[in-house]
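One structure is given here, and the rest of the page talks about it.
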Amino acid sequence: MTKNIDELIVLLEEAIQNLEDEGNGYSDHFINLDAFINAIKKSKKTLLVGDFSVIKDLELWFSPTSDWDDFNGDEDLGNQIFSIILDNQI
């Protein structure tokens with residue numbers, strides 16, 4: 001795995017913890033917060049086995065004013081995740 005993927009996986013784990021501790025709200029794309037958390041967990045597991053097919057989903061979920069913001073995730077953490085995806089074109 002590349003350094004960027006490793007960093008992304010670490011940040012996704014932080015994102016899961018952030019939402020479990022402090023998340024709330026609603027989104028048009030997920031039935032509830034738990035569904036969003038589970039989707040991030042599944043995406044993280046997919047990345048761990050070297051399957052990058054989930055990158056576009058992550059890009060959508062963490063883009064500014066999207067699902068991450070809808071569920072009141074930490075803004076800086078969401079921006080870091082989004083930046084890694086965009087800047088490095090994983």
Side-chain angles (χ1 to χ4, degrees):
M1 275 186 231
T2 68
K3 180 182 176 199
N4 294 333
I5 293 297
D6 291 342
E7 185 178 358
L8 179 60
I9 289 168
V10 168
L11 290 174
L12 289 175
E13 186 59 40
E14 289 179 29
I16 292 164
Q17 190 62 51
N18 176 251
L19 290 176
E20 288 176 341
D21 292 346
E22 301 177 23
N24 61 61
Y26 63 93
S27 165
D28 292 336
H29 303 116
F30 293 92
I31 192 164
N32 57 33
L33 177 61
D34 288 335
F36 185 47
I37 291 170
N38 288 333
I40 296 171
K41 287 178 179 179
K42 183 177 178 183
S43 295
K44 185 184 120 192
K45 287 179 185 178
T46 301
L47 289 172
L48 281 168
V49 298
D51 181 351
F52 306 135
S53 63
V54 296
I55 293 295
K56 285 295 179 190
D57 288 337
L58 291 168
E59 182 180 344
L60 291 172
W61 301 341
F62 286 92
S63 65
T65 71
S66 194
D67 301 297
W68 179 253
D69 290 339
D70 291 345
F71 286 113
N72 295 303
D74 179 80
E75 184 178 351
D76 290 335
L77 180 56
N79 288 341
Q80 283 181 291
I81 292 169
F82 187 67
S83 179
I84 288 173
I85 292 168
L86 286 187
D87 290 350
N88 298 293
Q89 298 181 357
I90 297 172

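Residue numbers run from 1 in the order of the sequence given.
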* To do: Show your working on side-chain contact (heavy atoms from CB on, under 4.5 Å) between I37 and K41 and close with a plain yes or no.
  => CA-CA 6 Å; I37 291 170; K41 287 178 179 179; 3.7 Å; yes
* Output, in order, the C-alpha distance, side-chain angles, deciding distance and verdict of side-chain contact (heavy atoms from CB on, under 4.5 Å) for F62 and I84. => CA-CA 11 Å; F62 286 92; I84 288 173; over 6 Å; no
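- Counting all heavy atoms, side chain and backbone alike, S66 lies closest to W61 at CB-O, 3.9 Å.
- The heavy-atom pair separating I81 from A15 by the smallest distance is CD1-CB, 3.9 Å.
- A distance of 5.0 Å separates CG of L58 from CD1 of I85, quoted to the nearest 0.5 Å.
- Listed by chain and residue number, nothing satisfies the side chain to side chain donor-acceptor pair (under 3.5 Å) test with D70 (two or more places apart in sequence, or in another chain).
- Between Q17 atom CD and L12 atom CG the span is 13.5 Å, to the nearest 0.5 Å.
- Looking only at side-chain heavy atoms (C-beta outward), N72 and E22 stay at 4.5 Å or farther from each other.
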* To do: Before giving the answer on side-chain contact (heavy atoms from CB on, under 4.5 Å), spell out for N24 and L33 the whole-Å C-alpha distance, their side-chain angles and the decisive distance to 0.1 Å.
  => CA-CA 7 Å; N24 61 61; L33 177 61; 5.5 Å; no
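- A39 and F30 make their closest contact through CB-CE2, 3.6 Å (heavy atoms, listed as atom of the first residue, atom of the second, distance).
- Note that CD of E20 is 9.5 Å distant from CD1 of I40, once rounded to the nearest 0.5 Å.
- Two different hydrophobic clusters hold W68 and Y26 under the rule that ILVMFWY side chains link at heavy-atom gaps under 4.5 Å.
- Evaluation of the ring pair (Phe, Tyr, Trp, His ring centres under 6.0 Å) rule for F82 yields no partner, not counting sequence neighbours.
- Rounded to the nearest 0.5 angstrom, L19 CG and F36 CZ are separated by 6.0 Å.
- The heavy-atom pair separating H29 from D67 by the smallest distance is ND1-OD1, 2.9 Å.
- When the side chains of ILVMFWY residues are joined at heavy-atom separations under 4.5 Å, either directly or via intervening members, V54 and F52 end up in a single hydrophobic cluster.
- Across every non-hydrogen atom of D74 and L77, the tightest pair is OD2-N, 2.8 Å.
- Atom-to-atom distance recorded for I16:CD1 and N38:CG is 9.0 Å, nearest 0.5 angstrom.
- The shortest non-hydrogen separation linking S53 to T46 is OG-CG2, 4.3 Å.
- E59 contributes atom CD, which lies 4.5 Å from atom NZ of K56 (distance to the nearest 0.5 angstrom).
- L8 and V10 fall into different hydrophobic clusters, defined by Ile, Leu, Val, Met, Phe, Trp and Tyr side-chain heavy atoms under 4.5 Å apart, directly or through other members.
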